Structure formats: structure tokens, C-alpha cells
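Every chain is numbered from 1 and lettered A, B, ... according to where its sequence line falls, protein lines coming before strand lines. In this text, all values refer to a predicted model and were calculated from it rather than measured experimentally.
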Amino acid sequence: KSPKWAIAYKFKPEVKETKLLDVQYQVGRTGAITPVASLEPVYISGSTVSRCTLHNEEEIKRLDLHLGDTVKVIKSGEIIPKIIEVVTKLRQPDSIPISFAPFCPVCNGELYRGEDSPISYCTNTNCPAQIQRQLEHFCSRDAMDINGLGESLISRFIELGLIKCIQDIFALDYQSIAELDRLGAKSAQNLKAAVEESKTKNFDKVLFALGIRYVGDKTARTLASFFGNIDALLTADIETLKSVPDIGDIVANSVFSYMNNDNNKILIEDLRRIGLNFTFTSDQVSNALSSRTFLVTGTLPSLGRKEIEALVLKHGGKIVSSVSKNLDYLIVGDNAGSKLSKAQKLGSVNIINEADFIGMIEDN
DNA sequence: CCTCAGATTACGCAGGTTAA
DNA sequence: TTAACCTGCGTAATCTGAGG
């Protein structure tokens with residue numbers, strides 16, 4: 001068995017030194033506080049790096065970061081910036097050690113960090129940052145896919161008081177939006193069309209969009225197809241939830257408490273009234289790919305990845321998110337990266353192209 | 001207890017669209 | 001033409017849940 005670093009460092013990464021200018025704290029959808037380093041921009045392996053995640057409090061301690069420190073930076077896998085260490089001999093003697101944010105950087109709410117968790121969470125459920133991230137998640141491509149309503153527009157709409165909660169997305173006043181700076185009649189019309197389009201999304205996307213803790217896109221689909229509709233989920237007890245394949249104690253409890261929270265019940269009823277889809281419609285047309293797993297890497301000649309992934313599901317196959325011995329087929333396009341080399345190394349994965357894949361399903 | 005995969009959070013680039 | 005923004009492509013690190 002090869003050690004982990006053999007995959008991570010296929011090429012010896014380029015190491016550059018730069019300065020730590022600041023540490024900012026981001027608040028995620030779940031309230032997780034993530035420290036991010038602001039760096040003096042430095043050119044490494046083909047692009048300029050100016051920010052770098054520090055993951056959590058322990059990582060800051062491990063590196064023993066001080067403000068203004070000179071740090072060594074690499075791009076892991078040629079993509080993701082990482083601080084590997086501090087050049088301590090260049091440290092100013094009076095420099096201040098970085099201490100983790102004592103409160104939520106956005107709402108000043110108390111932070112909570114569990115006994116054996118390295119991650120701190122903002123405990124204020126009304127934290128504006130959390131609400132903004134929840135809205136972004138709801139509109140995002142893999143959820144309701146409301147084209148045009150991204151990070152910056154959501155932030156503007158919140159500031160203008162146009163949006164306070166998910167329901168408000170469906171009650172926007174497009175005439176006043178058309179008069180906003182840098183928007184116009186065309187933008188407003190596009191946005192309206194995108195919001196309407198989202199009402200046709202299948203139940204699994206809606207369930208994912210709600211942003212229930214531990215329920216990502218795959219778990220959402222599992223739950224949607226098992227229960228079939230929201231009422232079955234709303235009334236499911238813990239035991240029933242745990243009986244679903246791939247659902248264990250923690251996820252079952254997370255779903256149960258979401259479904260039994262009064263605010264969430266109101267949200268679901270409002271969205272149902274607005275016309276969102278709370279019943280799962282199977283779009284499966286054949287069993288040609290049943291019990292086989294697929295993954296796409298690179299850019300395919302004619303189909304987008306989302307299209308391929310939809311086709312796999314339609315024919316009864318399963319999409320996985322990483323290369324492992326459980327992967328049956330890797331569909332490879334141009335500019336494939338580390339997934340291809342990992343699959344070749346494993347040897348057990350069938351490596352195919354778009355045409356091969358089409359061939360597998362075309363008689364159905 | 002161990003292994004694997006999913007969930008979450010993160011960064012960079014190219015390219016398209018739209019308003020100004 | 002340009003600025004601003006979004007989309008859609010690529011990726012890693014970390015933690016943690018699920019299940020053998």
C-alpha cells in the first residue's frame with residue numbers, strides 16, 4: 001500500500017514565501033467559523049495566491065502563526081493553496097500571535113466548540129451571515145439552481161430589505177429590481193424566469209436546498225426516493241429514518257429534529273403553497289446501469305457534466321464523488337486531472353470516454 | 001476499531017452576459 | 001469598451017458518519 005503523500009505530491013510542489021497580512025473569519029451556512037489567511041499576493045504554480053484557508057483553531061496553533069509572519073506556501077495538487085510552515089527566523093520579536101476569534105465576526109454571537117471537535121460554531125440562529133449563506137445554498141446550482149441570484153445579488157437584496165428569508169425569494173418585486181443600479185428590465189426578467197423555473201425542480205433538489213445538517217445532495221436523493229414526499233418525512237420517527245440505507249444515528253436525528261422544528265414546518269408549508277415540488281418523481285427510464293457507479297472528470301466533447309450525471313441516474317446508475325475501489329466507470333474528457341491517474345493506479349476502474357458511455361445506454 | 005465516502009468549506013481560472 | 005457578476009470547470013483538507 002502506498003503512503004498518502006505519494007498521491008498528494010506526485011510532483012514536488014513549488015514552495016514560495018510570502019507574508020501573512022491578516023486572518024479573517026468566515027461564517028458558513030451551518031455557523032461554522034473558518035479562519036482564512038490574507039496573504040501578500042504571490043505567484044505560485046501558474047496563478048496568484050492571496051488567500052488560504054486555515055481550517056480551524058488547531059491549525060493556527062499547529063502553525064503557531066503570528067501577524068506579519070513570513071510563511072511558506074504551496075499549492076497542494078497544483079490547485080489549493082496551503083501554508084506549510086512559518087519562517088520563524090524572519091519573525092519580528094514584537095509580533096502578535098493569532099488568537100482565534102472570541103465571538104462571531106458578523107453578529108458577535110457566542111461561539112460553541114464541542115469537546116472533541118476542532119470547529120467552532122456561531123450559536124445565533126438569526127446570525128445574518130448564516131442566513132445569507134443559507135439563501136446562497138438554496139439558490140445554488142445543485143439545489144434550486146436559480147440562475148443569476150448569486151452571492152452578490154443576495155447580499156444586495158438583503159441590504160435593501162428585499163429578502164429576509166427563503167420565502168421572500170418567491171415574492172420579489174421585479175419592477176423595482178429593474179430600477180436598481182446595474183440591473184435592468186432584462187436582468188429582472190431573467191431573474192423572474194429563473195425563480196419560476198425553480199418550482200419545477202424535483203423533490204430531492206428541494207430537500208437538499210433546505211440545508212439540513214448532514215444532508216448533502218446524495219443523502220437528499222436517498223431520502224427523497226425512499227420516502228417519496230415531504231409528508232412521509234415530516235411524520236417519520238427516528239427508527240424509520242435509521243432503517244434507510246446509509247442513514248445512521250446522527251443523520252436520522254438531524255433530519256428528525258429539522259422536521260419537528262416549528263419554524264421549519266412553517267417554511268415547508270409556505271414553500272408548498274408557493275408551488276415548490278414536495279413529491280419525488282422518479283425520472284428513471286431504464287436499469288441499464290443499475291448497481292454500477294460512475295464519476296466524470298475533465299471536459300467532455302458534447303455533454304456537460306450535469307447532463308452526464310443526470311443520464312447516469314436516469315438509467316439506474318449511481319454517481320460517486322471520489323475514485324476508489326467502489327468506482328466502476330470513470331468517464332474521462334479533456335484536461336482530466338488526478339482522478340484519472342488515481343483510477344489508472346487502482347487498475348480496477350473501467351476508464352471510458354463520452355462515446356463509450358453513450359453506447360452503454362443508447363438502446364434504452 | 002478501521003476504512004471509506006459524504007459533507008462542508010475552501011481557492012483559481014476562463015468565459016459569458018449585462019448594464020452603464 | 002469596461003466593470004461587475006455569475007457559471008461552470010477544475011481541485012484539496014478536514015472532519016465525521018456509516019458500516020464491515
Nucleotide [N], atom [atom2] - distance to [atom1] of [X] in whole Å:
X        : N      : atom1 : atom2 : result
A/Arg51  : B/dT9  : CZ    : P     : 15 Å
A/Leu54  : B/dT9  : CG    : C1'   : 12 Å
A/Tyr214 : B/dG6  : OH    : P     : 17 Å
A/Leu39  : B/dC11 : CG    : P     : 10 Å
A/Asp142 : B/dT9  : CG    : P     : 14 Å
A/His137 : B/dA10 : NE2   : C1'   : 16 Å
A/Asn190 : C/dC6  : CG    : P     : 13 Å
A/Glu57  : C/dC15 : CD    : P     : 13 Å

Residue closer to the 5' end of DNA chain B, A/Ala188 versus A/Cys52 (nearest nucleotide) =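 Per heavy-atom nearest nucleotide, the more 5' residue is A/Cys52.
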Does [X] [atom1] have over 12 foreign heavy atoms under 6.0 Å away?
X        : atom1 : value
A/Glu17  : CD    : yes
A/Lys16  : NZ    : yes
A/Lys192 : NZ    : no

Which nucleotide, [options], lies nearest any side-chain atom of [X]?
X        : options               : answer
A/Val251 : B/dG6, C/dG17, B/dA19 : C/dG17
A/Lys82  : B/dT18, C/dA13, B/dA7 : C/dA13
A/Thr53  : B/dA10, B/dA19, B/dG6 : B/dA10
A/Thr297 : B/dG6, C/dT11, C/dA13 : C/dT11

Taking 4.0 Å as the cut-off, does a side-chain nitrogen or oxygen of [X] come that near to OP1 or OP2 on [N]?
X        : N      : value
A/Arg213 : B/dT8  : no
A/Arg133 : B/dA10 : yes
A/Thr219 : B/dA7  : yes
A/Arg141 : C/dT7  : no

Taking only residues two or more places apart in sequence or in another chain, which ones pass side-chain hydrogen bond (donor to acceptor under 3.5 Å, both in side chains) with A/Tyr25?
->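 With neighbours one apart ignored, the set is empty.
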With A/Thr240, which residues qualify under side-chain hydrogen bond (donor to acceptor under 3.5 Å, both in side chains), at least two apart?
->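 Only A/Asp237 meet the side-chain hydrogen bond (donor to acceptor under 3.5 Å, both in side chains) criterion with A/Thr240.
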Contacts to DNA chain C from residues 23-36 of chain A, heavy-atom cutoff under 4.0 Å, which residues?
->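 DNA chain C contact set from residues 23-36 of chain A: none.
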Not counting sequence neighbours, list each pair that qualifies as a salt bridge (charged side-chain N to carboxylate O under 4.0 Å, His left out) and has a residue in residues 211-236 of chain A.
->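 Residue pairs passing salt bridge (charged side-chain N to carboxylate O under 4.0 Å, His left out), neighbours aside: A/Asp204-A/Arg221, A/Arg221-A/Asp283, A/Asp231-A/Arg272.
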Can you list every pair that meets salt bridge (charged side-chain N to carboxylate O under 4.0 Å, His left out) and has a residue in residues 64-74 of chain A, with sequence neighbours left out?
->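 Qualifying pairs: A/Asp64-A/Arg91, A/Asp69-A/Arg91, A/Lys72-A/Glu85.
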Would you please classify the geometry between the A/Phe357 ring and the A/Phe294 ring as parallel, tilted or perpendicular, with 30° and 60° separating the classes?
->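 Plane angle over 60°, so perpendicular.
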Determine the minimum heavy-atom distance between A/Phe227 and A/Ala232, stating which atoms define it.
->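 Closest heavy-atom pair between A/Phe227 and A/Ala232: O-CB, 3.5 Å.
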Could you pull out the closest heavy-atom pair between A/Ser120 and A/Glu57, with the gap in Å?
->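 For A/Ser120 and A/Glu57, the tightest heavy-atom pair comes out as OG-OE1, 4.2 Å.
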Looking for any heavy atom pair under 4.0 Å, which part of the strands does A/Ile247 touch: base, sugar-phosphate only, or nothing?
->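 If one applies the 4.0 Å heavy-atom cut-off, A/Ile247 turns out to touch the sugar-phosphate alone, with no base involved.
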First encountered from the 5' end of DNA chain C, between A/Gly248 and A/Ile146 =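 Looking at DNA chain C, the more 5' nearest nucleotide goes with A/Ile146.
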Of A/Arg62 and A/Asp145, whose nearest nucleotide on DNA chain C comes first from the 5' end?
->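 The residue whose closest nucleotide sits nearer the 5' end is A/Asp145.
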Close N/O contacts between protein and nucleotides 2-5 of chain C (under 3.5 Å):
from: C/dC5; atom 1: O3'; to: A/Ser152; atom 2: OG; distance (Å): 2.6

